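Some notes on the structure that comes next.
Source: prediction; values computed, not measured. Reckoned from all heavy atoms, side chains included, excluding hydrogens, waters and symmetry mates. Letters A, B, ... are given to chains in the order of the sequence lines, protein chains preceding strands, and every chain is numbered from 1.
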Amino acid sequence: MSNFVNLDIFSNYQKYIDNEQELRENIRIVVREIEHLAKEAQIKLQIIHSDLSQISGACGLARKQIEACAEKYQKLAGLVPAGQYYRYSDHWTYITQRLIFLIALVIYLEAGFLVTRETVAEMLGLKTSQAEGFHLDVEDYLLGILQLASELSRFATNSVTMGDYERPLNISHFIGDLNTGFRLLNLKNDGLRKRFDALKYDVKKIEEVVYDVSIRGLSTKEKDQQEEQAAPVPE
Amino acid sequence: MPKNGSAGHRNNAPRKRQTPAVQLDEKIPIVQAFRNYSNELTMKHDRHERIVKLSRDITIESKRIIFLLHSIDSRKQNKEKVLEEARQRLTKLIEVNFRAVALELRDQDVYQFRAAYSPGLQEFIEAYTYMEYLCYEDGEGENGTKSVSDWQAIQAVMQYVEESSKPKEEPTDGEELEVVALAEEEIPKKFQFFVDPTEYILGLSDLTGELMRRCVNSLGSGDTDTCLETCKTLQHFYTGYISLNCQRARELWRKITTMRQSVLKAENVCYNVKVRGGEAAKWGATFDQKPAEDVDEGFY
């Protein structure tokens with residue numbers, strides 16, 4: 001009598017799983033290299049919280065590390081079979097978000113605007129649309145940007161400590177725009193939503209800093225405004 | 001698309017304050033960029049939701065088919081009829097429901113929506129293989145050599161051809177254009193539903209639960225041969241599953257634990273059949289004389 005259970009199924013599946021494991025192993029090696037580069041970049045950028053004069057230097061150093069990542073992503077793209085991005089994406093989502101955050105921070109420090117998804121993708125050598133291949137996932141981008149908001153709230157506090165009273169105003173404005181942007185999204189009850197909910201604490205923190213600076217008249221812009229207002233009504 | 005999520009709700013708020021604020025927003029580059037992200041996210045979520053809905057229908061129908069298959073009772077001689085109905089309903093699932101999912105997944109990364117269709121697919125595989133088992137059980141003669149389908153076999157029945165949905169175009173431009181259009185339509189575009197081996201293995205592992213039920217139910221109807229038969233198949237499955245060696249497969253591991261419980265139950269049934277076999281047969285014989293209709297309960 002033939003057997004209903006064909007044990008070949010299990011040996012075939014074992015082969016299938018083994019192949020998958022091997023590929024995952026290779027992916028992990030590359031991801032670890034990216035992690036290393038990202039960590040370096042992050043360390044370089046820590047200086048902004050203690051020395052404002054070194055910002056542009058730190059950005060330059062971080063850029064070098066980030067540029068090196070593009071090559072690694074190329075490697076990853078070669079490993080992952082077409083149409084299976086999301087099968088393995090759990091290995092690199094975390095580090096990609098971290099890199100997006102670092103890129104966004106560098107661009108903000110250098111130019112003062114929010115980096116677009118297209119620019120990030122270009123810097124990392126990734127595509128923007130799924131159909132083109134190894135791409136930058138939009139959710140990863142958004143999650144990375146949310147990390148930027150937290151870092152900037154810290155930066156706002158520290159720039160005041162270092163005597164730069166203008167910067168928090170700029171940051172506050174920037175985060176305000178960012179908040180407006182995020183409000184346009186129809187979020188599901190998922191990880192992105194949870195992370196977005198934390199954005200309001202960053203906004204609050206920055207607003208507090210701005211308030212403290214304004215009420216004491218520390219900001220020159222504020223001072224000018226006050227003087228202007230005060231001038232026409234001297235007596 | 002509404003300009004602003006809250007704009008629609010706040011009709012009683014002073015209008016003049018609202019309108020310029022929205023216009024101002026549009027000038028911010030961030031807002032423009034985020035509109036694109038928003039569209040992309042919404043599209044993804046919508047597709048996900050649609051697949052979840054389709055998958056839910058598949059799950060429900062598959063569960064019903066399994067329920068139907070459990071109504072097979074050697075005393076009622078209804079096997080042929082039930083199998084035929086189950087086969088038709090399964091075919092319908094393949095032709096209609098899976099086709100719809102396949103259409104949604106076309107040119108997409110199937111792994112991105114895996115969580116959305118996985119429950120339906122697993123339940124379907126359970127129903128499909130259970131039907132195959134029941135066919136195998138009594139069909140040892142002609143086509144009974146067929147063992148359970150593997151994922152490639154199931155994949156093979158989920159091939160679809162695009163329907164030429166476009167009706168004949170009305171003649172507009174030159175003839176040549178039309179010929180080109182026709183030629184393109186001539187080759188029907190093929191697509192398929194992708195059966196992931198892992199989903200298959202997980203779905204197949206649920207089959208053992210059904211086999212255990214069949215084993216126990218057969219004892220109830222005095223069909224001891226079926227008890228022994230299903231138990232043997234169960235043991236084979238269990239051997240196959242424990243031979244697998246894979247890390248990071250918590251779901252599979254959980255299912256194997258459940259499977260072990262099923263195997264133990266079935267083995268216990270067989271033990272009882274052997275030990276008190278004579279009694280059961282007698283008891284079953286007296287039971288047989290009762291009208292079959294009122295023993296319908298208990299099969300669920």
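In this structure, the portions of A:Gln84 lying under 4.5 Å from any heavy atom of chain B include both its backbone and its side chain. For A:Arg117, the parts lying near chain B are the backbone and the side chain together; criterion is any non-hydrogen pair under 4.5 Å. Using a 4.5 Å cut-off between heavy atoms, B:Glu40 touches chain A through its side chain atoms alone. With a threshold of 4.5 angstrom between heavy atoms, A:Tyr16 approaches chain B through side-chain atoms but not through N, CA, C or O. At a 4.5 Å heavy-atom cutoff, B:Gln235 makes no contact with chain A through either its backbone or its side chain. The contact between A:Leu7 and chain B is made entirely by side chain atoms (from C-beta outward), counting heavy-atom distances below 4.5 Å. The part of B:Leu207 that comes within reach of chain A is its side chain, from C-beta onward, which places non-hydrogen atoms under 4.5 angstrom from that chain. Residue B:Asp196 touches chain A through its side chain alone, counting heavy-atom pairs closer than 4.5 Å. For B:Thr129, the part lying under 4.5 angstrom from a heavy atom of chain A is the backbone only. Proximity to chain B is limited to the side chain of A:Gln130, based on heavy atoms less than 4.5 angstrom apart. Using a 4.5 Å cut-off between heavy atoms, A:Asp8 does not touch chain B at all. Residue contact with chain A, scored on non-hydrogen atoms closer than 4.5 Å, involves the backbone and the side chain of B:Tyr241 alike. For B:Leu244, the parts sitting under 4.5 Å from any heavy atom of chain A are the backbone and the side chain alike. Residue A:Phe113 does not touch chain B at all, counting heavy-atom pairs closer than 4.5 Å.
Comparing A:Arg87, A:Gln21, A:Glu20 by how many heavy-atom pairs each has under 4.5 Å with chain B, the most go to A:Arg87. Of the listed residues (A:Leu187, A:Leu192, A:Leu142, A:Asp190), the greatest number of heavy-atom pairs within a distance under 4.5 Å of chain B belongs to A:Leu142. Among the candidates B:Asp150, B:Thr239, B:Ile201, the residue making the largest number of heavy-atom pairs closer than 4.5 Å to chain A is B:Ile201.
Side chains of A:Glu118 and A:Thr128: no donor on one and acceptor on the other come within 3.5 Å. Between the side chains of A:Thr93 and A:Asp140, no donor-acceptor pair of N or O atoms lies under 3.5 Å. For the residue pair A:Asp137 and A:Tyr86, a side-chain donor N or O sits within less than 3.5 Å of a side-chain acceptor on the partner. Side-chain contact annotation: B:Glu210 with B:His70, donor-acceptor N/O pair under 3.5 Å present. A side-chain donor-acceptor contact under 3.5 Å links A:His49 and A:Glu151.
For the pair A:His91 and A:Arg28, the tightest heavy-atom approach, listed with the atom from each and the gap, is CE1-NE, 3.5 Å.
Relative to the ring axis of B:Phe191, B:Arg106 places its NZ or CZ within 45° and under 6.0 Å from the centre.
By the 30° and 60° cut-offs, the orientation of the rings of B:Tyr136 relative to A:Phe4 is tilted.
Between A:Asp164 and A:Arg167, at least one side-chain N (NZ, or NE/NH1/NH2) sits under 4.0 Å from a carboxylate O, which counts as a salt bridge.
Within the 4.5 Å cutoff, side-chain heavy atoms of A:Arg63 are placed close to those of A:Met123. The side-chain heavy atoms of A:Glu110 and A:Ser56, taken from C-beta on, include no pair separated by under 4.5 Å.
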